[in-house]
Structures are given as structure tokens and as C-alpha cells.
Amino acid sequence: MIENIKELLQNTQLQQQVKEADSLAKAIKLIATAGAQKGYSFTQEKVAQAVSKLMLEERELSETDLLAVAGAARCGETMCGGTSVVIL
């Protein structure tokens, strides 16, 4: 289902409508309606769950991202450079 929603959101017109929606509920309804027009049969509740999951996935940082934020770099399985930077 998430892949179907990602596919739907490739449509620039739908993207614009979702961006212009004045609430998450309206954006979800737009996605559900667009899905129905494509032959998908997911409910607004299921779309809301999928959208929430997508939003969480986008917020998660990889180990590399976390190390970069912490000021470290990683080469393979060992730390690079021999020095570390602590940012307070």
C-alpha cells in the first residue's frame, strides 16, 4: 500500500493538491480519492496509517547520519582519522 501511495504522489497535480490542503485529514482524503480513481481500495484510515509511517521513516536517521551529526566520520567498521570532535 505504501508503494501505491508513493506512486500516486508522483502525480504533480495530486502533490500540489496535497500541499495546498489545509489539514492532514483533507490531504488523506485526496490521496484516498486518487487511489480509488486508480482502482485501489484503501480506506482513509489505512491511508492515514501509511502516511504516518512514511513520515516516521523520513524522520529516522541512519547510523551514518547520527555519526555526522555527532562530528564523527565512519570508514567501514572503524572510525576514521583517529580524532573525534565533541560538539557541546
Side-chain angles (χ1 to χ4, degrees):
M1 178 173 167
I2 289 177
E3 292 304 316
N4 295 340
I5 291 173
K6 287 180 179 180
E7 176 192 329
L8 290 171
L9 291 173
Q10 295 300 312
N11 179 305
T12 55
Q13 183 179 2
L14 179 60
Q15 284 179 16
Q16 190 62 36
Q17 290 173 338
V18 168
K19 286 179 186 178
E20 292 173 357
D22 58 5
S23 71
L24 183 57
K26 287 184 182 179
I28 288 168
K29 185 174 182 178
L30 286 166
I31 294 168
T33 301
Q37 291 171 349
K38 281 275 216 176
Y40 303 132
S41 60
F42 32 76
T43 65
Q44 289 184 33
E45 182 178 288
K46 292 290 185 185
V47 172
Q49 290 172 354
V51 167
S52 294
K53 185 175 180 179
L54 286 170
M55 290 169 62
L56 287 174
E57 286 176 2
E58 293 210 3
R59 288 187 202 166
E60 290 181 7
L61 297 175
S62 67
E63 182 179 357
T64 303
D65 295 333
L66 291 172
L67 290 170
V69 169
R74 191 165 170 100
C75 295
E77 293 299 316
T78 61
M79 297 303 286
C80 297
T83 61
S84 61
V85 176
V86 177
I87 301 172
L88 300 176

Legend entry - Minimum side-chain heavy-atom gap Tyr40-Glu7 below 4.5 Å: yes

Legend entry - Rounded distance (nearest 0.5 Å) linking atom CD1 of Ile31 with atom CD of Gln17: 10.5 Å

Legend entry - Over all atoms of both residues, closest heavy-atom pair of Gln44 and Lys29: NE2-CG, 3.7 Å

Inset, instruction - Please name all residues satisfying side-chain contact (heavy atoms from CB on, under 4.5 Å) with Ser41, sequence neighbours left out, ordered by chain then number. - result: none

Legend entry - Derivation and outcome, side chain to side chain contact (heavy atoms under 4.5 Å, CB included), residues Thr12 and Gln16: CA-CA 6 Å; Thr12 55; Gln16 190 62 36; over 6 Å; no

Legend entry - Lys26 NZ to Ile28 CD1 distance, which is reported to the nearest 0.5 Å: 13.0 Å

Legend entry - Closest heavy-atom pair and its distance - Ala21, Ala27: CB-N, 3.8 Å

Inset, instruction - For Ala34, enumerate each residue passing the side-chain contact (heavy atoms from CB on, under 4.5 Å) test, keeping only those at least two apart in sequence or located in another chain. - result: Leu8, Leu14

